[in-house]
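As a basis for the values below, the full set of heavy atoms in this structure was taken, side chains included, without hydrogen atoms, waters or symmetry mates. These numbers come from a predicted model, not from an experiment. In each ligand, atom 1 is the first atom listed, and ligand 1 is the first ligand listed.
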Amino acid sequence: MTFCRITGTGGYLPGAPVSNDDLVARGIQTSDEWIADRTGIRFRHFAADGEQSSDLALHASVRALEAAGRAAADIDLIIVATSTPDQVFPSTACILQNKLGNRAAVAFDVQAVCSGFVYGLTIAEKFIRSGSHKCALVVGAEVFSRILDWEDRGTCVLFGDGAGAVVLEASDEPGILSTALHADGHYHDILSVPGQVCNGAIAGRPLLQMDGQAVFKFAVKVLGDTAQELMSAAGLPVTALDWLVPHQANIRILQSTARRLDLPMEKIIVTVADHGNTSAASVPLALDVAVRDGRIRTGQHVMLEGVGGGFTWGGVLLRF
Ligand code: UT7
């Protein structure tokens, strides 16, 4: 049977870090104390004018390819998870493919908001395990700063821009041990950007809106439930987990998830302080940080988990 393994990771954050005090200086009615206490966020990054998701994705992808020892021409599947695509179409994946100089891969976007990366990774796993493809590039890339309402201090302080990427390859040994994806569109309106392009104009409101407390409760429940589901599908106890790499939205969500799972916070990779919430990019960015600083090592059990608009949620358990 063909399995698959992550063979390289890469990340990219545009520009200089923007602090909470920088947001206050820009006129947002908030404070470093409120943001840090309620969310754990201290910094985020914003793309420059004209810098698109595909540009951030390109930097992260080049780094992941280098880490995997692969050339762009080796890739036969490109999946980009994004809610902030460069254009309505073609897909950001096709734009990235062109920037990489690859002309042979299958390329498409996945839209599952902050769960997009784990959706993309799971789809890539199915392609590779079927034997149809051998070497996938899975990317989460976002310019969420473009869809924020800067008059809404309850949301604009939370998000940042960035991209993370992995190379996923066919392997004789796992690799990915279990996957779980879920969605419940009944909750579509607790986190949304309800605008659309219509007859050459924007119809509806093209800015992010959120019921923060409903999202918070939902996230804690499903991150805990999905972790249990992934471990039992692999026949492993939660104590066998070396690292949990969850979606980075709020440190309090991560602390509550740790308590639900009886998992020490030391086993959770936390980047929300430095990255803010980068939606589909948050999980691969956090993974890349912990791989490059030497915490995540070959042979360890690592769980990636996403949760976001839709509502969507899911995860991937792997032996790294
Ligand atoms: O990718 C998934 C996306 N999102 C999330 O995971 C977010 C999940 N939710 C959360 O993280 C939290 O609900 C928030 C951080 C968004 C909000 O925290 P909260 O503890 O639920 O605060 P709240 O919305 O109940 O607001 C409490 C107070 C309000 O003032 P009053 O009415 O009590 O006087 C807000 O107006 O805090 C005020 N407030 C702020 N004050 C300073 C809201 N935003 C800010 C702000 N600075 N940025």
Side-chain angles (χ1 to χ4, degrees), residues 18-44 81-84 110-119 140-162 164 182-184 187-194 207-224 226 245-258 260 268-273 275-286 304-315:
V18 177
S19 71
N20 295 336
D21 283 334
D22 291 335
L23 296 184
V24 174
R26 290 179 189 197
I28 296 164
Q29 299 299 306
T30 188
S31 65
D32 175 52
E33 190 188 11
W34 191 95
I35 301 172
D37 284 356
R38 300 282 179 129
T39 72
I41 298 169
R42 294 194 174 275
F43 299 95
R44 74 287 291 144
T82 186
S83 298
T84 47
V110 165
Q111 161 59 293
V113 201
C114 305
S115 313
F117 179 77
V118 295
Y119 265 65
E142 302 282 14
V143 285
F144 252 55
S145 59
R146 309 268 161 77
I147 54 168
L148 298 177
D149 178 354
W150 296 100
E151 302 293 317
D152 177 11
R153 65 180 183 170
T155 56
C156 72
V157 302
L158 306 176
F159 295 90
D161 302 338
H182 299 280
D184 186 349
Y187 296 99
H188 67 276
D189 57 357
I190 63 172
L191 176 53
S192 64
V193 177
L207 299 174
L208 185 145
Q209 58 190 40
M210 175 172 75
D211 177 345
Q213 291 186 4
V215 170
F216 191 105
K217 286 183 203 138
F218 201 104
V220 172
K221 178 178 180 343
V222 301
L223 288 172
T226 305
V245 188
H247 173 50
Q248 308 284 318
N250 184 322
I251 188 68
R252 292 188 295 129
I253 292 177
L254 306 188
Q255 288 162 341
S256 301
T257 303
R260 270 176 79 100
I268 301 192
I269 305 297
V270 179
T271 54
V272 69
H275 298 180
N277 182 345
T278 58
S279 190
S282 92
V283 172
L285 266 169
L304 314 179
E305 282 196 291
V307 53
F311 240 68
T312 57
W313 65 101

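Atom 22 (O) of ligand 1 has as its closest protein heavy atom Arg38 NH1, 3.3 Å. The protein non-hydrogen atom at the shortest distance from atom 23 (P) of ligand 1 is Gln213 NE2, 3.9 Å. The protein atom (non-hydrogen) at minimum distance from atom 18 (O) of ligand 1 is Arg252 NH2, 3.8 Å. Given atom 9 (N) of ligand 1, the protein heavy atom at minimum distance is Gly212 O, 2.9 Å. Closest to atom 43 (C) of ligand 1, if we only count protein heavy atoms, is Trp34 CZ2, 3.4 Å. Summary of contacts: the protein heavy atom closest to atom 5 (C) of ligand 1 is Val215 CG1, 3.6 Å. Annotation: atom 47 (N) of ligand 1 to nearest protein heavy atom, Thr30 OG1, 2.7 Å. Counting only heavy atoms of the protein, atom 6 (O) of ligand 1 lies nearest to Ala249 CB, 3.2 Å.
Counting protein heavy atoms under 4.0 angstrom from atom 33 (O) of ligand 1 gives zero. Under the 4.0 Å distance rule, the nearest protein heavy atom to atom 15 (C) of ligand 1 falls inside the cut-off. Within a 4.0 Å radius of atom 38 (C) of ligand 1, the protein contributes at least one heavy atom. Protein non-hydrogen atoms do reach within 4.0 Å of atom 25 (O) of ligand 1.
Inclusion of Met210 in the set of residues having an N or O under 3.5 Å from an N or O of ligand 1 is not warranted. Considering backbone and side-chain N/O of Asn250, one or more are found under 3.5 Å from N/O of ligand 1. Between Arg153 and ligand 1, a contact under 3.5 Å exists for at least one N or O pair.
Counting heavy atoms from C-beta outward, Cys156 and Asp149 have side chains that stay 4.5 Å or more apart. Annotation: side chain of Gln111 is in contact with side chain of Ser83 (closest heavy-atom distance under 4.5 Å). Side-chain contact check for Thr271 versus Ser282: every heavy-atom pair is 4.5 Å or farther apart. In this structure, the side chains of Leu285 and Thr278 come closer than 4.5 Å at one or more pairs of heavy atoms. In this structure, the side chains of Asn277 and Val272 stay at 4.5 Å or more apart for every pair of heavy atoms. Under the 4.5 Å side-chain criterion, counting only non-hydrogen atoms from C-beta, Phe43 is not in contact with Val18.
Under a 4.0 Å criterion applied to the non-hydrogen atoms of Cys114, ligand 1 contributes the atoms 1 (O). Under a 4.0 Å criterion applied to the non-hydrogen atoms of His247, ligand 1 contributes the atoms 1 (O), 2 (C). Contact atoms of ligand 1 toward Val157: 48 (N) (distance under 4.0 Å to a heavy atom of the residue). The atoms of ligand 1 that sit less than 4.0 Å from any heavy atom of Thr39 are 15 (C). Atoms of ligand 1 lying under 4.0 Å from any heavy atom of Gly154, numbered from 1 in the order shown and given with element: 16 (C), 44 (N).
Among Glu142, Gln248, His247, the one residue that satisfies the side chain to side chain donor-acceptor pair (under 3.5 Å) test with Ser279 is Glu142.
The CG atom of Asp161 lies 9.5 Å from the CZ atom of Phe144; values are rounded to the nearest 0.5 Å. How far NE2 of His182 is from OG of Ser115: 10.5 Å, rounded to the nearest 0.5 Å. Atom-to-atom distance recorded for Thr312:OG1 and His188:NE2 is 14.0 Å, nearest 0.5 angstrom.
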Please tabulate, for the side chains in residues 30-39, all donor-acceptor contacts under 3.5 angstrom to protein atoms that are two or more places apart in sequence or on a different chain.
residue : atom : partner : partner atom : Å
Ser31   : OG   : Trp34   : N            : 3.0
Asp32   : OD1  : Asn20   : ND2          : 2.9
Thr39   : OG1  : Ile35   : O            : 2.5
Thr39   : OG1  : Ile41   : N            : 2.9

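Residue Ile253 touches ligand 1 through its side chain alone, judged by heavy-atom distances below 4.0 Å. Counting heavy atoms closer than 4.0 Å to ligand 1, residue Asn277 contributes side-chain atoms (C-beta onward) but none from N, CA, C or O.
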Asp22 and Ser19: CA distance, side-chain angles, deciding distance, side-chain hydrogen bond (donor to acceptor under 3.5 Å, both in side chains) verdict: CA-CA 5 Å; Asp22 291 335; Ser19 71; 3.2 Å; yes
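Aromatic ring pairs are classed by plane angle as parallel below 30°, tilted from 30° to 60° and perpendicular above 60°; the pair Tyr187 and Phe218 is perpendicular.
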